[in-house]
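Single-structure report; data block below.
Heads up: numbering here begins at 1 and tracks the sequence.
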Amino acid sequence: MFIGLNETVRGASHVDNDTVCQDYSSYKVHDHFAVAAVADGHGSKKHFRSDVGAKAAVEISIKAVEEFCAQIDEFEEKLREDPGHILTKIQKYIITHWYDAVNKHYNEHEVRQEERTQLTDEELEAIKTESIYGTTIIVGVITDNMCFGLQLGDGSLVVIKQCGESYMPIMEDESCPANLTASLCNSNAIRMFNYFYDYDLPLSILVSTDGLFTSFSSKDEFEEYNCLVTSQLDEIDVLKDRINKNFLRRTNSGSRDDISIAIIFEKDMFDENNRNVKMQVDINKNKAAIRDAEQKAKMLKRRAKMEQIRRENELIKKKEAEEKEAELRRMQMESLESAEEDQPDDEPTPDDSVINDINDNDVQDDPVDAENDAAKDEEDTADES
């Protein structure tokens, strides 16, 4: 017996801005197969009816799987013969019927002023009708004998094996050109789809919008969370309430985006392997503890390195300051020495020889001696006469 559950919570940013939830999720179980789907409507102003587009995408995807799997034996045989061809046909069905649905909605519901408050008439006129409803889509399917999935745009599809291990067979936007969001409203959406198929039956398939993935710090933590959720599928009513509370906490403290999940599993398969998944949960806890220890060791090493760099910088700065101070002192000393050399010497005190020279050369004769010399000269003159 196939069983499923789904949960969607409105993102914290949408609550703060009083905008609608743009996610949608659902599942459907039948006797021989089950399908789960989630969609995330785009948030930009031109996709102002993406919530309608997301709901249409999920409902049409489930309907597509139901129609293709109506004759389950024939479908499984064709899928084995040519999986690419069959899965591409499902993708084309989804795109075609989604286009029909959103155009029908547009024709029946005139654009209200409150819907296009951020758009001018010219901007609104330039937008393709399908773009107004732009959304991603992820689908997971389990049958009696196989499983497969389809994905267009971001979000995640996680498969839990019977041994309890988890893996993501489709990595988001693998075929999407750079700088372009894969969406059902793209004209080449068929080339942006990714898919997987497997003949080993899984324990469960979980599909979720990117608001959940971005609330985790790593891919490992996200996959381990999906494993933990699967381990509690034996208490599905309790689990649904737990998921709701967990999503509310995550959107408020993490991604702030809408969060959706849809899960499908086969009860007998789960009952037989529940022990495996619970053991895997314990293994994952040990892995998480090791990662935490490694992360702490890296942080301590990084802090020690930063402290070493800080100390080295301090030593460099100290050395530079000392060199600068020494250079300043050297320059001051040179300045002082230069100033002393330029200053004139004091007047020297004359020595005795200089004084004698002055006395010999510069002092006038005594007047009395001069008169005597004059008289003598006169007498000498008279005698000569």
Side-chain angles (χ1 to χ4, degrees), residues 3-29 34-45 47-62 133-140 149 151-158 160 166 168 172 181 183-184 204-219 221-265:
I3 299 176
L5 71 86
N6 70 288
E7 186 65 28
T8 294
V9 300
R10 186 182 177 199
S13 63
H14 292 251
V15 174
D16 293 344
N17 298 324
D18 194 26
T19 53
V20 298
C21 176
Q22 294 165 323
D23 272 12
Y24 195 80
S25 63
S26 187
Y27 70 93
K28 197 71 174 288
V29 296
V35 54
V38 295
D40 181 3
H42 307 323
S44 63
K45 64 181 182 179
H47 306 297
F48 55 84
R49 284 183 177 174
S50 65
D51 59 317
V52 178
K55 181 179 180 181
V58 168
E59 292 177 345
I60 289 168
S61 296
I62 291 176
Y133 299 86
T135 182
T136 65
I137 183 66
I138 310 175
V139 185
Q151 180 168 343
L152 176 67
D154 53 21
S156 303
L157 188 154
V158 179
I160 308 298
S166 60
M168 297 170 65
E172 62 178 84
T181 300
S183 170
L184 277 172
S204 67
I205 290 181
L206 306 90
V207 290
S208 57
T209 55
D210 70 328
L212 181 59
F213 184 87
T214 55
S215 70
F216 291 87
S217 61
S218 70
K219 177 175 174 287
E221 289 185 4
F222 173 71
E223 289 187 353
E224 289 166 3
Y225 175 81
N226 282 263
C227 184
L228 177 63
V229 169
T230 297
S231 71
Q232 301 176 35
L233 287 173
D234 53 349
E235 299 179 296
I236 197 164
D237 293 331
V238 176
L239 176 60
K240 185 175 176 64
D241 183 60
R242 289 174 181 168
I243 290 175
N244 179 272
K245 291 178 179 178
N246 183 262
F247 283 7
L248 288 173
R249 178 178 62 81
R250 289 186 174 280
T251 188
N252 281 294
S253 61
S255 66
R256 298 189 62 78
D257 195 6
D258 300 328
I259 303 178
S260 293
I261 195 170
I263 309 169
I264 50 174
F265 65 101

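- The backbone N or O of Asp40 sits less than 3.5 Å from a side-chain atom of Thr136, completing a donor-acceptor pair.
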May I have the step-by-step check of side-chain contact (heavy atoms from CB on, under 4.5 Å) for Leu233 and Leu5, ending in yes or no? CA-CA 9 Å; Leu233 287 173; Leu5 71 86; 4.0 Å; yes

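- Within the 4.5 Å cutoff, no side-chain heavy atoms of Ile3 are placed close to those of Val29.
- The line from CD1 of Ile243 to OG of Ser208 is 10.5 Å long, rounded to the nearest 0.5 Å.
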Would you please test Asn226 and Ser166 for side-chain contact (heavy atoms from CB on, under 4.5 Å) and show each step? CA-CA 8 Å; Asn226 282 263; Ser166 60; 5.5 Å; no

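- Ile264 approaches Ala36 most closely through the heavy-atom pair CG2-CB, 3.8 Å.
- Nearest approach of Asp210 to Asp154, heavy atoms of both residues: OD2-OD2, 3.4 Å.
- Side-chain contact check for His14 versus Asp257: some heavy-atom pair is nearer than 4.5 Å.
- Atom OG of Ser156 sits about 3.5 Å away from atom CE of Met168, to the nearest 0.5 Å.
- Here the side chain of Ser255 pairs no donor or acceptor atom with the backbone of Ser215 at under 3.5 angstrom.
- Distance check, rounded to the nearest 0.5 Å: CD of Glu7 to CG of Asp241 gives 8.5 Å.
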Going through the checks in order, is the side-chain contact (heavy atoms from CB on, under 4.5 Å) test met by Leu157 and Ile205? CA-CA 7 Å; Leu157 188 154; Ile205 290 181; 4.2 Å; yes

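- To the nearest 0.5 Å, atom CG of residue Leu239 and atom CG of residue Asn244 are 11.0 Å apart.
- In this structure, Ser25 and Thr8 approach most closely via the heavy-atom pair OG-OG1, 2.7 Å.
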Using the side-chain contact (heavy atoms from CB on, under 4.5 Å) rule, take Val38 and Ile261 through it: C-alpha gap first, then chi angles, then the decisive distance, then the call. CA-CA 7 Å; Val38 295; Ile261 195 170; 5.6 Å; no

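- Atom CZ of residue Arg250 and atom CZ of residue Arg256 lie 15.5 Å apart, to the nearest 0.5 angstrom.
- Side-chain N/O atoms of Arg242 and Asn246 include no donor and acceptor closer than 3.5 Å.
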Asp23 vs Thr209, side chain to side chain donor-acceptor pair (under 3.5 Å): CA-CA, chis, key distance, verdict: CA-CA 8 Å; Asp23 272 12; Thr209 55; 2.8 Å; yes

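- Side chain to side chain, Gln22 and Asp258 fail the donor-acceptor criterion of an N or O pair below 3.5 Å.
- Of all heavy-atom pairs between Ser204 and Phe265, the closest is CB-CB, 3.9 Å.
- Using the six-membered ring where Trp is involved, Phe216 and Phe222 have ring planes that are perpendicular, over 60° apart on the 30 and 60° scheme.
- Rounded to the nearest 0.5 angstrom, Asn6 CG and Ser260 OG are separated by 8.0 Å.
- Put simply, the side chain of Gln151 gets close to the backbone of Gly153: a donor and an acceptor are under 3.5 Å apart.
- Judged by distance alone, with hydrogens and angles left aside, the side-chain atoms of Arg10 form a donor-acceptor pair with the main-chain N or O of Thr19 at under 3.5 Å.
- Below 30°, between 30° and 60°, or above 60°: for Phe247 and Tyr225 the angle between ring planes is between 30° and 60°, a tilted geometry.
- We find that Asp51 and Lys55 are not joined by a salt bridge, their nearest charged nitrogen and carboxylate oxygen being 4.0 Å or further apart.
- The two atoms that bring Ala57 and Leu184 nearest to each other are CB-CD1, 3.6 Å, heavy atoms only.
- Across Ser26 and Val58, no two heavy atoms sit closer than the pair CB-CG1, 3.7 Å.
- With sequence neighbours excluded, no residue forms a ring pair (Phe, Tyr, Trp, His ring centres under 6.0 Å) with Tyr27.
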